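Everything on this sheet refers to the single structure shown next.
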Amino acid sequence: MATVKDFRTSVKPNWCPGCGDFSVLAALQRAAANLDLDPSQMAIVSGIGCSGRISGYLKAYGFHGVHGRALLAAQGIKMANRDLTVIAAGGDGDGFAIGTNHTIHAMRRNIDITYIVMDNQVYGLTKGQTSPRSTQGFKTKSTPDGSLEREISPLQLALASGVTFLAQGFSGSTKELTKLIEAGIQHKGFSMINVFSPCVTYNKINTYDWFKENIVSLEDDPDYDPSSREMAMQKVMSTNELCTSIIYQEQRPSYTELLPNANHKPIVKQELELGEERFQELVAEFA
Amino acid sequence: MLHQLSWMVGGQQGEGIDPTGSILSKALNRQGYFIYGYRHFSSRIKGGHSNYKVRISTKPRLSNADALDMLVAFDQETIDLNARELKPGGLILGDSKFKPSVDRNDVQLLHIPLTEIAEELGSRIMKNMVAIGATTAILGIDPSIFTDMIKKQFARKGDKIVQANLEAIRKGAESAKEQLNPKTDFTLAPADGKSRLLMMGNDAISLGAMAAGCRVMPAYPITPASDIMESLVKRLPEIGGVVLQTEDEIAAVITAIGASYAGARAMTATSGPGLSLMMEAIGLSGMTETPLVIVDTQRGGPSTGLPTKNEQSDLNTVLYGSHGEIPRIVLAPSTAEECFYDTVHAFNYAEQYQCPVILMTDLALSLALQTVEQLDYSQVKISRGKLLSDEEVAALTDENGYFPRYADSPDGISPRAMPGQKGGIHYVTGVEHNEIGRPLEGTANREKMMKKRMRKLENVQLPNSLITREKDDAEWLIVGFGSTRGPIEEAREQLAADGIPTSHLHIRVLAPFPTQSVKDVLSRYERVLVVENNATGQLAAQLRQYVGDISTIYSQTKFNGDPYYPSEITEHVKELMAHGNSQRLSYVR
Ligand SMILES: Cc1ncc(C[n+]2csc(CCOP(=O)(O)OP(=O)(O)O)c2C)c(N)n1
Ligand code: SF4
């Protein structure tokens, strides 16, 4: 049985004390242990940002790439070796600014990876500029008079893009978050977990206290049915995107299950040599 | 009797120009003729003039001819636009309603009722068969060479269609024979009958990728690279691979990096605009030391430039693009055959040196059909470099359970583990890092890791980096890369016939630049002419940078979208000989 220790490293994260990302890391480690995963069968890919550092803080294969592109490397890894548990993680800037395009396409592709967004509604690593998740009017270094743009709605975006597992968590509730991550990893298909992960340094509005006051957990609603996309959309809109828990889940074949190669061995376990005979067959087309 | 002949079919795009050219090419290739087929097309899908040139020869040819012998016209526009390319005494084949070219009374128009015969047999489409029949009759070749091909190609459509097409060929041949003025002789000398292959550079790259064990190919469509993806999607899935059309080129290249990091052989293919988008990722591959193969099929730039025309202007981009400094390998095959072998090399180098490898072609090489000698599968050796077995990985794991992915080593190349391997856990990051992949900004570590990465290619000269044809009595050395090979070879024949012996250096590996070997060759010549399809002389600049001024380096450039005609090079050399140094270092011809 795996334990949390198996997923811990001796490296001290360089996050500010109190940063929400600590809880995301802890929840992910706990979830991996609860699911009895093998660290060497797990790959975590992250983007660039404070949040992006997470791939170096978990004991598992870690890939820290370029800004906004975590989902891409993650998908490449999954295609090459579908036996691996693949996690992608990054900030809201990473996923909903520079990488929005890839976020949408990974969802419609329904490839079996779990995507965790550490949503602090600001840019942390570049020291406090506006993010597409910052609320309209939010004042930052790059929007001194308040942001003029409306904030992006990750949950509506996900529902509209065909996501098959959608959850939202909060760094202030590590227990719930752990359960959400577990469910996300177990889900066969693309799972997105948006996590309110406060930036204690640059976001003085959306703080832990602010979230505690404003979020509603769907766990408290016995009538909520996460298999209904309509209900999910309604709930997301009526709570102004501030609901937590599993918001939507649907079973649909994942991308790797639909691939014509699904009945072959995972790519990295295949023989590379084509063989003279097969080669001659290919060449015959050009004779 | 002719040993070579240049033929063209032209008409509106979408009228069956391509199949006409390729059916003729394929049948003649099977007879042992050497073919070079070049498509001239525009970005419009239907409509707009397009044409297909086929060079038929009893010896290898990799270039369009200076002039045409025969032109098959599907419309009047084809005559008006292209008759000027015909040799005196050349032949035009076309419907009886077509008028001869106004300014060419030295060429003959044979009225072959292409459309009429085709319509009588049931469909206008078949006029290409009529044209092929007429063509072969004029060449003195028995049109029965098409029978097997036609039977196979139309088998699914039923016997009636097969018979109609065969009849179209026969009637075309008959009509041509009836009218051909016996004074003109277009009879082709017999070929050697040897069986060879006929393919485009892009086909050879797809075959090379299959043979090299490529199993993941993410790409975004772009001319002239798309058919690499399209041909792989037909073949990779059945052997367990994946081809996916991504949302853009950034996605394509980073998905390939992910797959490669996970241990698969992965490749993407693109052209200039896509390559520009991939630049950040090329740096990532270099910094994380993740193997990566990118094919860049150059076309006319900048921006969307000339999307369907030939150019070689990405050289600087592939050599210097991406921020910061990384080791990289750039291969530039010059024939379809080399495209095949170099694609195999590209995958090996990517893993052996753990860096990005760019295989660079150009539109003329990627899309021209050419005769290729049988490919030798026994030469395909897969070498995965320092990718370790589970046992080897376990032996290197440290007491904390980490694998030193970036361990320093004399050759700069570190052992590699892939996710899923027990004991291989490590961190990969585009941030400067230490030996186990932990971010580390310190100056000493920075220097050490920079040196480690750069060392892997510092003293490497890759095999087959040059192709040389040297003549003892040559004063001139002509240098090129990629598809200029054919025109240069032919220009040398023309010059030799005029008593001017020349030598030829074609550079097949552009990075790491084979400095010493190039220097050795250049030191034997006083005059060097660098021939390339771009405006600023990018290859010439490379030579000047690496070999300095041991020779006088002249530059010939062409950037109008067309490949070189051999005579353009011939004339340029003669001009330089007449006017000497006045043109030294001139950039624009
Ligand atoms: C192509 C590119 N553009 C810009 C940057 C600079 N950059 C680094 S992180 C970042 C934004 C980080 O914000 P977010 O993704 O929300 O992560 P956080 O730091 O808040 O966790 C930016 C703009 C970069 N590294 N690469
Ligand atoms: S700046 Fe904000 S997001 Fe970054 S580590 Fe500090 S608290 Fe966390």
Side-chain angles (χ1 to χ4, degrees), chain A residues 9-11 14 38-43 45 48 53 55-56 59-69 71-81 83-84 86 101-102 104-105 109 255-256 259-261 264-268 270-276 278-280 282-283 285-287, chain B residues 30 195 197-199 203 207 210-213 215-216 218 235 237-242 244 246-248 250-251 254-266 280-281 284 288 372 374-375 377-378 380 382 400-401 418-431 437-439:
Chain A
T9 79
S10 56
V11 178
N14 68 350
D38 172 353
S40 67
Q41 293 294 322
M42 183 170 173
V45 185
I48 299 296
R53 290 284 178 133
S55 61
K59 185 137 186 191
Y61 280 90
F63 189 106
H64 182 216
V66 285
H67 191 31
R69 321 295 174 189
L71 279 173
L72 304 175
Q75 292 175 79
I77 295 169
K78 190 70 187 183
M79 278 176 215
N81 187 354
D83 287 351
L84 298 176
V86 183
N101 188 21
H102 311 307
I104 291 171
H105 287 278
R109 210 168 274 140
Y255 185 81
T256 45
L259 279 173
N261 78 7
H264 289 73
K265 276 193 263 184
I267 286 172
V268 296
Q270 292 168 16
E271 204 48 65
L272 283 192
E273 261 108 53
L274 203 54
E276 177 80 39
R278 179 81 186 104
F279 181 71
Q280 293 309 337
L282 291 178
V283 164
E285 217 181 285
F286 301 97
Chain B
R30 285 184 182 176
S195 106
L197 308 169
L198 182 68
M199 63 178 72
D203 297 321
L207 275 175
M210 291 287 292
R215 289 293 180 274
V216 180
R235 296 164 175 160
E238 66 191 51
I239 58 164
V242 202
L244 81 152
T246 54
E247 55 271 26
D248 58 29
I250 297 175
I254 300 184
T255 305
I257 290 176
S260 176
Y261 157 76
R265 284 198 151 188
E280 188 191 22
L284 177 69
T288 58
V372 174
Q374 292 297 338
L375 297 172
Y377 182 70
S378 71
V380 174
I382 293 176
N400 297 316
M418 61 181 176
Q421 284 189 302
K422 277 235 167 326
I425 288 182
H426 63 265
Y427 297 95
V428 161
T429 172
V431 173
R438 292 287 177 205

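We use all heavy atoms of the structure for the numbers below, so side chains are in, but hydrogens, waters and symmetry mates are not. Every chain is numbered from 1 and lettered A, B, ... according to where its sequence line falls, protein lines coming before strand lines. Bear in mind that the values here come from a model prediction, so they are computed numbers and not experimental data.
Of the two parts of B:Ala211, the backbone and the side chain both hold a non-hydrogen atom closer than 4.5 Å to a non-hydrogen atom of chain A. Both the backbone and the side chain of A:Thr9 come within contact range of chain B, with heavy atoms under 4.5 Å apart. Residue contact with chain A, scored on non-hydrogen atoms closer than 4.5 Å, involves the side chain of B:Leu284 exclusively. For A:Lys59, the parts sitting under 4.5 Å from any heavy atom of chain B are the backbone and the side chain alike. At a 4.5 Å heavy-atom cutoff, the contact between A:Leu84 and chain B is made by side-chain atoms alone. Heavy-atom distances place both the backbone and the side chain of B:Tyr427 under 4.5 Å from chain A. For A:Asn14, no part lies near chain B; criterion is any non-hydrogen pair under 4.5 Å. For B:Asn400, the part sitting under 4.5 Å from any heavy atom of chain A is the backbone (N, CA, C, O) and nothing else. Contacts between B:Val242 and chain A at a heavy-atom distance below 4.5 Å involve backbone atoms as well as side-chain atoms. In this structure, chain A has heavy atoms under 4.5 Å from both the backbone and the side chain of B:Pro419. With a threshold of 4.5 angstrom between heavy atoms, A:Val11 approaches chain B through side-chain atoms but not through N, CA, C or O. Heavy-atom distances place both the backbone and the side chain of A:Glu285 under 4.5 Å from chain B.
Contact count versus chain B (heavy atoms, under 4.5 Å) is highest, among A:Asn81, A:Ile48, A:Val283, for A:Val283. Among the candidates B:Gly424, B:Gly423, B:Gly430, the residue making the largest number of heavy-atom pairs closer than 4.5 Å to chain A is B:Gly424. Ranked by heavy-atom pairs under 4.5 Å with chain B, the first of A:Gly56, A:Ser10, A:Ala43 is A:Gly56. In terms of non-hydrogen atom pairs under 4.5 Å with chain A, the most contact-rich of B:Pro237, B:Gly240, B:Ser378, B:Ala262 is B:Gly240. For the options A:Lys265, A:Glu273, A:His264, heavy-atom pairs under 4.5 Å to chain B are most numerous at A:His264. Note on A:Ala74, A:Pro260, A:Ser40: by heavy-atom pairs under 4.5 Å with chain B, the leading option is A:Ser40. The candidate with the highest count of non-hydrogen atom pairs below 4.5 Å against chain A, out of B:Glu247, B:Arg265, B:Glu280, B:Arg215, is B:Glu247. The candidate from A:Pro39, A:Pro266, A:Gly275, A:Gly68 with the greatest count of non-hydrogen atom pairs under 4.5 Å with chain B is A:Gly275. Listed options A:Gln41, A:Met79, A:Glu276, A:Gln75 were ranked by heavy-atom pairs under 4.5 angstrom with chain B; first place goes to A:Glu276. Among B:Ala251, B:Ala264, B:Pro439, the residue with the largest count of heavy-atom pairs under 4.5 Å with chain A is B:Ala251.
At least one side-chain heavy atom of A:Leu274 sits under 4.5 Å from a side-chain heavy atom of A:Leu282. Looking at A:Phe286 and B:Asp203, their side chains come closer than 4.5 Å, going by heavy atoms from C-beta outward.
The CZ atom of A:Arg278 sits 4.5 Å away from the CD atom of B:Glu238 when rounded to the nearest 0.5 Å. To the nearest 0.5 Å, the span separating OG1 on B:Thr246 from CG on A:Leu72 amounts to 8.5 Å.
Judged by distance alone, the side chains of A:His64 and A:Arg53 never bring a donor and an acceptor atom under 3.5 Å apart.
When the ring pair (Phe, Tyr, Trp, His ring centres under 6.0 Å) test is applied to B:His426, the partners found at least two apart in sequence or on another chain are A:Tyr61, B:Phe403. In this structure A:Phe279 satisfies the ring pair (Phe, Tyr, Trp, His ring centres under 6.0 Å) test together with B:Phe340, B:Tyr377, sequence neighbours excluded.
Across A:Ile267 and B:Val216, no two heavy atoms sit closer than the pair CD1-CG2, 3.8 Å. Between B:Gly213 and B:Ile382, the shortest heavy-atom distance links the atoms N-CD1, 4.4 Å. Closest approach of B:Pro218 to B:Ala256, counting heavy atoms only: CG-N, 3.7 Å. Residues B:Leu375 and B:Leu207 share a closest heavy-atom pair of CD1-CD1, 4.0 Å.
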Task: Pair A:Leu71-A:His105, side chain to side chain contact (heavy atoms under 4.5 Å, CB included): steps then yes or no - done: CA-CA 10 Å; A:Leu71 279 173; A:His105 287 278; over 6 Å; no
- [ ] Starting from the C-alpha separation in whole Å, work towards a yes-or-no answer on side chain to side chain contact (heavy atoms under 4.5 Å, CB included) for B:Ile239 and B:Met210.
- [x] CA-CA 9 Å; B:Ile239 58 164; B:Met210 291 287 292; 3.7 Å; yes
